[in-house]
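The structure under discussion appears below in the form of structure tokens.
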Amino acid sequence: MIFKCKNCGGNSLYHPEKKAMWCPHCDGLNSEEIVDGSSMEICPNCGAPLENVGEHTSALKCAHCGTYIILNERVEGSNKPDLILPFHISREKAEEAMKKEFGKRLFTPASFLSHSSLECMEGSYVPFWLYDYRSLIDYEGKATRVHVYTRGDTEYTETSHYRVVRKMEVDFDKIPADASRRMEDDVMDLMEPYEYQALENFQVKYLSGFE
Ligand SMILES: [Zn+2]
Ligand SMILES: [Zn+2]
């Protein structure tokens, strides 16, 4: 499926800062309608063959016309995610942040921040499992308590040794585990902790404009 603007036929995209669907062609807000594409092989907008559909791809950009396509069957039924952390900065803000962060670094390759490199930047969603679990923990340790005191001219050191035994019940809520083989785990770890308070119930529209 694709989201098409009812006013001008442009591709409506989710705009992170407006928190709404937005048409980059006519600046229309929430003017989208869904155009269903029945196949995973061709672009519903221009009919070009989709060449970059991976085994688990659910959203992609048509290499021919640049339309953002969502492969419905990959995000429906048992494939439907429960929650999504929608993008909250725009492409322009992301570019600004990149320039600010890397612009003054001595070893940044000259092409890294070039117009053509930034043009290629795409926002990607990465699937995650969230685990809740209850753990029962038994632990045993050795502890010492040292007490130093002086009596008369003599300093005494008294060390008490304890065997410490504890039982604990610990509940973990929403522990994230990156469910993508394509994204490096250590790269994903850099982004933690995630802003759980910004989690939303999954809606397909959040994918429009992203991969
Ligand atoms: Zn429009
Ligand atoms: Zn196309």
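Every number for a ligand or one of its atoms is a count from 1 in the order of the listing. Everything numeric here is computed off the predicted structure, so don't read it as measured data. Residues take their numbers from the sequence shown, with the count starting at 1.
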| task | Could you walk me through whether Tyr206 and Tyr125 pass the ring-ring contact (aromatic ring centres under 6.0 Å, His included) test, one step at a time? | result | CA-CA 10 Å; Tyr206 291 129; Tyr125 284 102; 7.8 Å; no
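- Salt-bridge annotation for Lys205 and Glu32: absent, with no side-chain N of the basic residue lying under 4.0 Å from a carboxylate O of the acidic one.
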| message | One pair to check against side chain to side chain donor-acceptor pair (under 3.5 Å): Asp82 and Asn201. What are the steps and the verdict? | response | CA-CA 6 Å; Asp82 291 319; Asn201 287 326; over 6 Å; no
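- Rounded to the nearest 0.5 Å, atoms CG (Leu207) and CG (Leu71) are 10.0 Å apart.
- Closer than 2.8 Å to the Zn ion (ligand 1) sit the protein N, O or S atoms Cys5 SG, Cys8 SG, Cys23 SG, Cys26 SG.
- Under the salt bridge (charged side-chain N to carboxylate O under 4.0 Å, His left out) criterion, Arg163 pairs with Glu140, sequence neighbours left out.
- Look at Arg105 and Glu101 and you find a salt bridge, because one of the NZ, NE, NH1 or NH2 atoms lies within 4.0 Å of a carboxylate O, short of that distance.
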| query | Does the pair Tyr131 and Phe172 meet the rule for a ring-ring contact (aromatic ring centres under 6.0 Å, His included), with working shown? | reply | CA-CA 8 Å; Tyr131 289 97; Phe172 293 89; over 10 Å; no
Would you mind writing out the side-chain donor-acceptor pairs for residues 60-70 within the sub-3.5 Å range, not counting sequence neighbours?
| residue | atom | partner | partner atom | Å |
| --- | --- | --- | --- | --- |
| Lys61 | NZ | Glu122 | OE2 | 3.1 |
| Thr67 | OG1 | Asn45 | ND2 | 3.1 |
| Tyr68 | OH | Glu122 | OE1 | 2.9 |

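- Around the Zn ion (ligand 2), protein N, O or S atoms at a distance under 2.8 Å total 4; waters are neither shown nor counted.
- By the 4.0 Å N-to-carboxylate-O rule, Glu95 lies close enough to Arg91 to be salt-bridged with it.
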